Amino acid sequence: MRVKLTTGKEIPLEMYKVRIVQKTSLPPSEARLRAIEEAGYNTFLLRSRDVFLDMLTDSGTNAMSDQQLASMMVSDDAYAGGESFYRLSDAVRDVLGFTYTVPAHQGRAAEHLLAKILVKKGDVVPMNYHFTTTKAHYELAGGTVLELYGPDALETDSRNPFKGNMDIGRLQAAIDKYGAERISFVRMEATTNLIGGQPFSMANLKEVRALTSKHGIAVVLDGSLISENAHFISKREVGYERVSVANIVKEMMAQADILYLSGRKSTCVRGGLIATNERKYYDLLKAWLPVYEGFLTYGGMSSKEIEAMAVGLREMVDPDVASSSADLIQYFVESMVARGIPAVTPPGGLAGHVDAKRFLPHVPQLQYPAGALAAAIYLVSGARPMERGTVSMDRDANGNDVPSDLELARLAVPRRVYSMAHMDYVVDRLAWLLEHRELVRGLRFIEEPPVLRFFTGRMVALEGWGSALAKAFQADFGMEC
Ligand code: F0G
């Protein structure tokens with residue numbers, strides 16, 4: 001919840017109290033330099049012990065509620081027909097309005113199953129924007145992703161409240177070009193991850209629904225961050241000011257044929273699911289679920305996580321829960337902008353994002369500015385960001401780099417984990433880095449897997465800039481921090 005203080009300043013007020021904590025520590029800059037070099041300048045390859053604030057992702061790192069933890073104690077471990085599954089299924093029906101629930105071990109497993117049953121070789125899959133694992137699965141199935149975002153989706157400095165909207169004119173053109181039979185389905189991603197956690201509007205989703213219905217094309221909603229998107233609709237869309245997050249979520253679901261999600265985000269657990277009201281999709285999924293995930297009533301998830309997911313689904317539509325990380329992200333982004341840091345605006349869900357093209361204009365795109373910025377941020381703060389730029393794009397069939405639309409260093413804000421003081425600290429170190437940005441140069445791959453290379457690829461800092469940056473930092477801050 002955001003409240004205005006008597007000074008006029010607005011702050012994100014936490015609507016929870018902290019009862020369990022995990023110790024963290026800030027390794028000094030010399031240790032951070034060693035750690036990032038060992039990690040091949042890839043923040044995925046850092047060890048937790050070398051990280052102060054883990055802002056890599058909100059995936060599986062949100063704080064669970066006391067009710068979620070309590071529910072785990074009464075889970076039913078039956079291999080088949082476990083009561084935990086039926087409690088999840090009830091929550092899916094009550095909160096999302098779907099009859100059939102297909103559990104999966106996480107979001108990409110749901111994507112794999114959907115690719116298996118719906119994406120044929122030669123198909124196209126229109127979407128508002130791709131996600132890394134989504135694109136990988138649909139391409140491995142022989143499909144091509146079409147990104148049909150609107151005109152300012154890729155503007156990092158913007159006031160457009162719904163940069164996640166699909167361009168309806170481009171969707172019509174794609175239907176005209178490929179015909180409905182070559183379109184597997186249209187995918188809409190809630191708070192579109194790779195363009196900075198930007199939401200779509202209800203009006204846009206309804207336009208997508210209306211057009212696809214005319215042509216008999218299914219709508220698949222990636223609802224990994226569904227409650228955040230609903231929160232933004234309640235705050236930003238005319239006509240929804242007085243509609244509850246719960247009812248907004250229901251209205252969104254009514255536009256979709258299939259919902260899938262990574263349960264690691266909005267529902268604060270480790271798992272995933274697919275839900276639908278259509279028997280034909282359920283029957284197709286049912287055939288493959290035991291092959292790839294597990295029996296119908298656990299699908300690769302532990303029964304404890306299934307119980308906690310049932311609770312998490314019900315809790316996520318509480319406005320205090322749906323807004324908790326979005327409000328802190330807004331504070332974080334506004335603080336960055338106030339210090340001249342080129343953050344993606346307007347603030348979205350999941351993270352504060354820094355535009356590396358504007359932060360490091362001297363680093364050419366094929367020397368991976370977002371990767372360099374993510375490593376540099378870790379080096380000067382101990383906060384661990386994630387690269388979301390060209391490193392996150394795999395090479396094309398000819399072995400060439402595919403320049404990403406955006407070069408972002410993403411600083412995720414997991415729910416109920418970090419404080420305003422943590423945000424102030426990160427913003428301060430970012431401001432110092434901005435003043436010393438000319439010290440940061442590009443990166444070069446020395447080890448590069450062919451698919452999803454960002455996870456495990458290793459790089460080196462061109463001209464050894466890591467050591468130069470650490471030296472400048474130590475000159476200003478000493479050896480202790
Ligand atoms: N869809 C979206 C929109 C996601 O953000 C993610 C994961 C997935 C699908 C895949 O789900 O990880 O459970 O297999 N996003 C994480 C992130 C990894 O850090 O943004 P998963």
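These figures come from a predicted structure and were not determined experimentally. Indexing begins at 1, ligand by ligand and atom by atom, following the structure's order.
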### Message
Please enumerate all residues that pass side chain to side chain contact (heavy atoms under 4.5 Å, CB included) together with Lys120, with sequence neighbours excluded.
### Response
Asp123

### Message
Using the side chain to side chain contact (heavy atoms under 4.5 Å, CB included) criterion, which residues pair with Ala287? Sequence neighbours excluded.
### Response
none

### Message
Taking the basic N atoms (NZ, or NE/NH1/NH2) and the acidic carboxylate oxygens, is any pair closer than 4.0 Å for Asp257 and Arg209?
### Response
yes

### Task
Could you name the protein residues that come within less than 4.0 Å of ligand 1, counting only heavy atoms, and order them by chain and residue number?
Thr57, Ser59, Gln106, Gly107, Arg108, Glu111, Phe131, Thr133, Glu189, Asn193, Asp222, Ser224, Ser262, Arg264, Lys265, Met386, Arg410

### Basic-acidic side-chain contact under 4.0 Å: Glu448, Arg458
no

### Message
Which residues pass the side chain to side chain contact (heavy atoms under 4.5 Å, CB included) test with Pro385, not counting sequence neighbours?
### Response
Thr43, Ala374, Ile377, Tyr378, Leu411

### Message
Could you check whether any side-chain heavy atom of Ile183 comes within less than 4.5 Å of a side-chain heavy atom of Ile175, counting everything from C-beta outward?
### Response
yes

